[in-house]
Amino acid sequence: MVTTELPLFQRADFWEESWQEERRQSLYGRRRPDRDGTGYWNRRAGHFARQTGGEEGKQRVARILHWLGHHGGLDRDLEILDIGCGTGNYALPLARRARRVVALDPAEEMLAILKERAGEEGITNIEPVQMTWEEVDLDKQGWRGSFDLVLAFMSPGIKDAATLRKMIAASRGACFLAGHLRQEISGRKELWQQLIGGEMPGIPADVLYIFHLLYAWGYNPSLELEQWVSTRELEPDQAIEEMEIFFYPHLELTPAVRRAIVDYVQGHLVNGRYLSRREMTAGYLFWSVNLH
């Protein structure tokens with residue numbers, strides 16, 4: 001008997017559907033729609049800049065830049081699009097190595113910090129654009145096939161086949177995408193059970209689905225995984241703020257909820273500090289958009 005069914009690795013529909021199903025069942029799928037927009041990212045801006053601007057964040061940026069250089073993704077004549085640039089952790093160092101960087105983010109507060117940092121560092125070849133990736137019209141913006149390198153570092157903008165195809169369509173050279181596969185941060189699961197109930201869902205392993213989807217579409221993506229464990233010492237107020245930001249998309253931060261978070265943090269202090277242990281696994285994808 002002869003079968004005409006495609007091998008699993010060539011079935012784009014399977015990977016698209018599986019990816020979306022995992023996202024529906026994930027921590028992201030549990031977010032309230034009214035708490036998952038620009039307001040959430042504006043709320044996170046200051047905290048995000050502090051959290052990622054430390055020594056650990058700088059080391060991660062250095063590793064990513066080295067990885068990009070290894071794949072030929074760094075050149076002083078490149079035009080780069082950074083989707084979901086945040087406060088500029090990657091856009092700023094990339095601007096020192098490229099001709100032009102378009103830094104796209106929907107959150108005004110994120111871009112305000114990026115502009116301030118660019119001014120302080122004397123960087124003038126960054127073009128901030130406040131817009132969601134879904135809102136971008138490549139033809140209207142003049143972005144179709146306009147960038148040598150299109151990036152999405154842990155960006156919520158790439159969330160389905162349509163947004164991924166748009167990312168590819170903006171590039172005339174290559175794409176780079178990074179995302180977490182696993183994220184375990186101490187205290188979250190315990191508080192989730194206390195405040196919401198049940199087992200806390202995990203984050204979706206977007207990168208793995210995107211890898212298979214790209215392959216099924218005919219691309220040849222390079223995939224690298226990185227795992228790390230770290231512990232940060234936080235002042236109690238910092239730890240409380242981080243917990244509140246995490247739970248904000250999932251429930252109302254009522255006085256009772258805030259009290260539970262404060263009690264949890266205060267009950268886990270060591271010498272007056274809260275030890276936040278993080279276990280992370282990230283995936284990095286790089287691929288040429290030119291199939292032939």
Side-chain angles (χ1 to χ4, degrees), residues 18-37 39-41 43-54 56-57 59-60 84 86 153-156 158-159 178-210 225-284:
S18 299
W19 181 17
Q20 293 310 297
E21 180 58 27
E22 177 164 354
R23 287 188 68 89
R24 282 190 289 272
Q25 300 299 325
S26 74
L27 191 63
Y28 300 161
R30 294 289 299 273
R31 287 176 175 171
R32 295 169 47 167
D34 61 323
R35 295 292 187 91
D36 196 25
Y40 170 65
W41 294 104
R43 184 185 180 93
R44 285 195 61 183
H47 163 73
F48 184 80
R50 292 191 300 273
Q51 184 181 32
T52 58
E56 182 182 329
Q59 290 176 4
R60 189 168 305 115
F153 292 97
M154 315 298 179
S155 172
I158 310 303
K159 58 186 181 182
H180 286 115
L181 307 180
R182 178 171 173 266
Q183 189 181 73
E184 299 284 344
I185 299 179
S186 57
R188 290 183 175 181
K189 286 186 175 180
E190 295 91 333
L191 272 170
W192 182 281
Q193 291 176 339
Q194 180 181 342
L195 298 174
I196 299 176
E199 192 73 19
M200 187 181 86
I203 61 172
D206 292 342
V207 171
L208 297 183
Y209 291 98
I210 293 171
L225 304 183
E226 179 186 20
Q227 183 177 20
W228 69 92
V229 178
S230 65
T231 300
R232 294 182 302 141
E233 292 189 12
L234 303 176
E235 295 291 343
D237 288 349
Q238 289 178 295
I240 292 166
E241 180 189 24
E242 287 198 7
M243 288 294 190
E244 289 184 351
I245 288 172
F246 172 74
F247 281 103
Y248 173 80
H250 301 287
L251 78 170
E252 291 288 343
L253 295 178
T254 64
V257 167
R258 292 179 186 274
R259 183 72 257 170
I261 291 173
V262 169
D263 289 346
Y264 181 88
V265 169
Q266 291 181 342
H268 290 79
L269 298 181
V270 178
N271 297 325
R273 297 288 189 92
Y274 180 83
L275 304 183
S276 178
R277 188 175 190 274
R278 301 187 298 168
E279 298 182 28
M280 306 284 199
T281 303
Y284 309 121

Residues in salt bridge (charged side-chain N to carboxylate O under 4.0 Å, His left out) with [X], at least two apart?
X: Glu252; answer: Arg32, Arg35
X: Arg24; answer: Glu21
X: Glu279; answer: Arg182, Arg277
X: Asp237; answer: none

What pairs with [X] under side-chain contact (heavy atoms from CB on, under 4.5 Å), at least two apart in sequence or on another chain?
X: Ile203; answer: Leu27, Tyr28, His180, Gln183
X: Leu275; answer: Thr231, Glu233, Val270
X: Leu225; answer: Leu181, Leu223

Say you draw a straight line from [atom1] of [X] to [atom2] of [Y]; how long is it, rounded to the nearest 0.5 Å?
X: Trp19; Y: Ile210; atom1: CH2; atom2: CD1; value: 4.0 Å
X: Ile261; Y: Asp263; atom1: CD1; atom2: CG; value: 10.0 Å
X: Ser276; Y: Arg188; atom1: OG; atom2: CZ; value: 7.5 Å

Task: Electrostatic pair Arg278-Glu184, nearest N-O below 4.0 angstrom - done: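 No, this pair does not count.
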
Closest approach of [X] and [Y], non-hydrogen atoms and distance?
X: Pro201; Y: Ser26; result: CB-C, 3.7 Å
X: Leu195; Y: Ala260; result: CD2-CB, 3.7 Å
X: Gly198; Y: Trp192; result: O-CD1, 3.4 Å
X: Phe246; Y: Met200; result: CZ-SD, 3.7 Å
X: Ala205; Y: Glu22; result: N-OE2, 3.1 Å
X: Val207; Y: Gly179; result: CG2-N, 3.4 Å

TODO: Check whether any side-chain heavy atom of Phe247 lies under 4.5 Å from a side-chain heavy atom of Val257, and answer yes or no.
DONE: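 SC-SC contact between Phe247 and Val257 ruled out.
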
Apply side-chain hydrogen bond (donor to acceptor under 3.5 Å, both in side chains) to [X] and list each qualifying residue two or more places apart in sequence or on a separate chain.
X: Thr254; result: none
X: Tyr264; result: none
X: Arg30; result: none
X: Tyr274; result: none

Task: Pairs where residues 198-209 contributes a residue and the test salt bridge (charged side-chain N to carboxylate O under 4.0 Å, His left out) is met, not counting sequence neighbours - done: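 Matches after skipping sequence neighbours: Arg23-Asp206.
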
